[in-house]
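Here's the structure we're looking at; comments come further down.
Here the structure is a predicted model, which is why all the values come from computation and not from measurement.
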Amino acid sequence: MSQSRYIRRASVAPLVLITLFANAVLFRSSAQARITEILIDRVESPTFEGLSFGRTGQYEKLVGRARGAVDPNDPSNSIITDIALAPRNRAGLVEYETDFFLLKPIDMRRGNRNIFYNVVNRGNKGGLSTFNRAPSSNNPTTAADAGDGLLMNQGYAIVWSGWQPDILAGGDRMTMRVPVALNPDGSEITGELRAEYIVNAPTTTQNLGGGSFTAGTHASYETVSLDTSTATLTRRIRESDPRIPVPGDGWAFADCTQVPFPGVPSTTQICLRDGFDPDYIYELIYTAKNPLVLGLGFAATRDLISFFRHAMRDDAGTPNPLAIERRRTGIRHALIMGSSQSGRYVRSLIHLGFNADEEGEIVFEGAFPHISPGRIPLNVRFGPPGRAYLQHEDHLFPAYEASFTYSPVYDPNTGRTDGILVRCEETDTCPKIVHAMSSLEFWQGRQSLDQTDPLGTRDLNFPENVRMYLMSSTQHGPAPRPPPGTLPDRGVCRWPANYAPQSETMRALWVALDRWVNEHSRPPASRIPRIREGTLVEADPATFGFPGIPATTYVPNYPTEAVDFNGIHNGLTLLEYGLAFDAQNESGNVTLNPPRIVVGRDYGVLLPAVDSDGNDVAGVRSTEIQAPLGTYTGWSRRRPGFAADEQCGLTGIYIPFARSQAGRTAAGDPRLSLEERYADHDGYVAAVRSAAQRLVSERLLLPIDGERLIQEAQDSDVLR
């Protein structure tokens with residue numbers, strides 16, 4: 001099919017970030033802030049090898065860039081950190097460019113007139129793999145990439161775009177170009193920046209912007225000096241250990257990957273004479289320069305979706321590719337979904353008021369934050385949006401400042417009252433929200449603070465537009481299901497990883513959100529642990545009730561240690577980042593590195609209670625948990641040589657049951673064996689069937705997924 005109906009070639013050379021932005025001549029001037037130009041670089045029509053999806057028909061793929069401009073004086077933009085210090089065009093607007101990737105029905109009239117906006121995670125696309133049971137791909141093209149086509153059969157136009165300006169190009173990642181903030185006199189802005197490095201194998205060199213979640217894919221802020229005496233480098237094994245200085249002659253701002261220490265001088269890399277040891281956290285504090293105006297990422301998402309929903313064409317006359325009718329676009333609703341980092345982006349976008357466009361119209365009617373407690377420090381000078389917030393890794397980076405809850409709640413630790421939905425309630429632009437989490441979010445992400453008072457003494461009631469669901473006994477993202485007779489990999493953890501699935505629950509919750517937005521049909525009631533029900537509790541090893549699991553896995557050639565529960569989890573104490581940091585809005589400028597721990601200002605982080613198998617009692621208990629083959633947890637611990645016994649990243653545990661009573665008795669395992677639970681293979685299949693039918697009746701499992709799970713149980717080798 002001809003591409004001429006979409007593509008208009010750009011008349012200017014590709015962007016050169018700092019030079020063109022500094023001259024503020026990058027884009028066409030506009031008298032009003034909006035998406036000013038759509039450039040479509042690639043079209044594949046049809047895509048997915050010509051597959052057709054129900055009444056929607058075939059899909060096509062459009063890949064391009066959107067250029068936009070915002071008014072820094074407009075109240076909807078003035079909250080963006082450093083927006084007043086960004087270069088402006090002749091119309092006084094601040095400009096940006098973002099990548100976008102669009103999958104749409106070839107005939108938009110046959111779709112559902114809804115946009116599904118999937119927030120990319122560190123530049124990587126998801127959504128199709130989550131909801132379509134498809135392989136993860138940054139360039140979905142083949143029939144296999146479509147999976148079972150849930151989203152396409154529903155008729156969605158599926159959009160991804162860049163929002164994180166410090167993402168490096170490559171690997172089909174979505175990127176974004178924004179200006180560098182400058183002092184009023186045009187000189188470079190400098191500031192103190194803290195970085196942290198944890199490696200899983202010895203190495204000599206790290207990018208300054210590297211880290212547990214950012215290595216190799218995130219840009220680094222340059223150091224203003226190669227003199228190590230102007231910076232400090234320390235190391236420690238555990239996060240809470242005292243910092244041990246690394247002498248200035250033991251490291252360099254340099255690249256030692258090809259040349260031995262002191263290596264090749266570099267303003268964006270760090271090299272250690274003795275190399276980085278996987279047992280340590282390394283912390284660098286240095287003076288950086290040229291902060292990007294990162295918060296424009298929120299405006300770019302807002303304005304791109306507003307353009308697709310309401311504009312017929314850009315300033316140059318290029319048609320909106322999602323326009324359905326001649327005089328109006330015909331798009332009815334937009335829904336946003338993000339997982340992990342991307343879900344925190346969703347929560348922050350809503351909290352900072354970006355779910356209202358500059359005309360005051362709602363941007364997203366539905367929101368699906370997934371495995372995403374807290375918020376994201378995108379709107380921060382030299383901000384670290386790619387960092388996490390875990391017990392061991394990235395523990396002291398901003399990400400979990402009050403407010404945590406959707407409704408406003410008073411925080412006695414800060415004296416503030418706030419909530420995620422406060423701004424959108426003032427403008428009547430709040431979306432309907434389905435918030436889904438794994439068990440690990442309680443252990444590592446302080447998820448309980450999203451649903452209780454800050455001290456963890458009482459449950460909170462949710463607004464009518466919010467539902468929350470625990471996907472019981474799951475880790476952050478499930479490990480690959482291992483072949484029969486084997487266990488998942490354990491990586492740097494003491495025990496095998498947890499493969500308990502989330503996909504089936506996610507698909508049912510997505511359909512529930514779709515019907516809530518489009519048909520006003522309320523979703524199932526929230527399914528989370530509660531203080532008042534005794535299912536949200538303190539991590540007290542004496543009362544938690546976790547079973548003592550012996551040092552055997554009943555799997556040949558896979559020795560492991562006994563699973564001893566010690567209650568270690570990611571607590572939270574108030575942190576101070578300096579007077580220029582706006583903790584309430586996760587915005588501003590961090591000037592205190594490392595942050596000051598305010599002793600005595602602790603938050604009440606609670607955990608899901610477990611049954612006698614060690615599996616979560618509350619939440620949406622999948623067929624895997626209702627008819628379990630072992631213990632599945634949302635926590636694990638690091639093994640020796642990798643900061644032993646600290647919480648192990650985003651990983652849980654899977655430890656199988658014994659097959660027989662004799663086997664578990666000989667091992668000293670208190671958990672019932674498979675034979676004691678199910679008697680035989682048919683008994684196991686019956687348990688899965690009963691669980692699946694119950695979940696389908698509760699609208700927490702799609703019928704098609706229930707049938708598949710029953711068939712998978714029938715085909716399995718359990719008790720054969």
If the condition is salt bridge (Lys or Arg N to Asp or Glu O under 4.0 Å), which residues does [X] pass it with, not counting sequence neighbours?
X	answer
Arg375	Glu586
Arg507	Asp148, Asp705
Arg446	none
Asp616	none

* What residue among Tyr117, Trp516, Tyr156 forms side-chain contact (heavy atoms from CB on, under 4.5 Å) with Leu335? ->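 So, applying the side-chain contact (heavy atoms from CB on, under 4.5 Å) to Leu335 and each of Tyr117, Trp516, Tyr156, only Tyr156 qualifies.
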* Asked: Only one of Ile115, Ile433, Thr301 forms a side-chain contact (heavy atoms from CB on, under 4.5 Å) with Phe364, so which one is it?
  -> Thr301
Side-chain donor or acceptor of [X] paired with backbone N/O of [Y] under 3.5 Å:
X	Y	answer
Thr474	Ala500	no
Ser372	His370	yes
Ser129	Ser136	no
Glu49	Ala143	yes
Asn112	Gln154	yes
Ser342	Val119	yes
Asp99	Thr175	yes
Asn118	Ile158	no
Glu441	Gln447	no
Arg302	Val363	no

* To do: Using a strict cut-off of less than 4.0 Å between a Lys/Arg side-chain nitrogen and an Asp/Glu carboxylate oxygen, indicate whether Glu698 and Arg527 qualify as a salt bridge.
  =>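 Here Glu698 pairs with Arg527 in a salt bridge, since their nearest N and O are under 4.0 Å apart.
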* To do: Answer yes when Arg347 and Asp450 have at least one side-chain N-carboxylate O distance shorter than 4.0 Å, and no when they do not.
  => yes
* side-chain hydrogen bond (donor to acceptor under 3.5 Å, both in side chains) partner of His476, chosen from Ser339, Ser438, Ser340 -> Ser340
* Residue list, side-chain hydrogen bond (donor to acceptor under 3.5 Å, both in side chains) with Arg173, at least two apart or on another chain ->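 Residues passing side-chain hydrogen bond (donor to acceptor under 3.5 Å, both in side chains) with Arg173: none at all.
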* Report the residues that fulfil side-chain hydrogen bond (donor to acceptor under 3.5 Å, both in side chains) with Asn138, sequence neighbours left out, ordered by chain and then residue number. => Asn124
* **Nearest heavy atoms of Thr318 and Ile38, plus distance in Å** => CG2-O, 3.9 Å
* To do: Locate the shortest heavy-atom distance separating Ser472 from Arg621; write the atom from each residue and the value.
  =>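 Looks like OG-CG, 3.5 Å.
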* Asked: Quick one: which of Asp303, Asp71, Asp314, Asp315 gives a salt bridge (charged side-chain N to carboxylate O under 4.0 Å, His left out) with Arg34?
  -> Asp315
* Stepwise ring pair (Phe, Tyr, Trp, His ring centres under 6.0 Å) test for Phe53 and Tyr59 -> CA-CA 8 Å; Phe53 301 92; Tyr59 267 67; 5.7 Å; yes
* Asked: Is it the case that more than 12 heavy atoms not belonging to Arg515 sit under 6.0 Å from its CZ atom?
  ->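 Result for CZ/Arg515: open.
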* Asked: Can the ring centroids of Trp510 and Phe116 be said to lie less than 6.0 angstrom from one another?
  ->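 So the answer is yes for these two rings.
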* So, for Phe100 and Phe307, is the gap between ring centers shorter than 6.0 Å? ->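 Judged by ring-centre distance (under 6.0 Å), Phe100 and Phe307 do not meet the cut-off.
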Are [X] and [Y] side-chain neighbours, meaning at least one heavy-atom pair lies under 4.5 Å?
X	Y	value
Phe308	Thr329	no
Ile83	Leu296	yes
Asn585	His351	yes

To the nearest 0.5 Å, what is the distance between [atom1] on [X] and [atom2] on [Y]?
X	Y	atom1	atom2	result
Ile79	Asp74	CD1	CG	12.5 Å
Ser161	Arg65	OG	CZ	14.5 Å
Ile324	Lys104	CD1	NZ	9.0 Å

* Test side-chain hydrogen bond (donor to acceptor under 3.5 Å, both in side chains) on Glu365 and Asn114 and set out the steps. => CA-CA 10 Å; Glu365 283 89 356; Asn114 279 205; over 6 Å; no
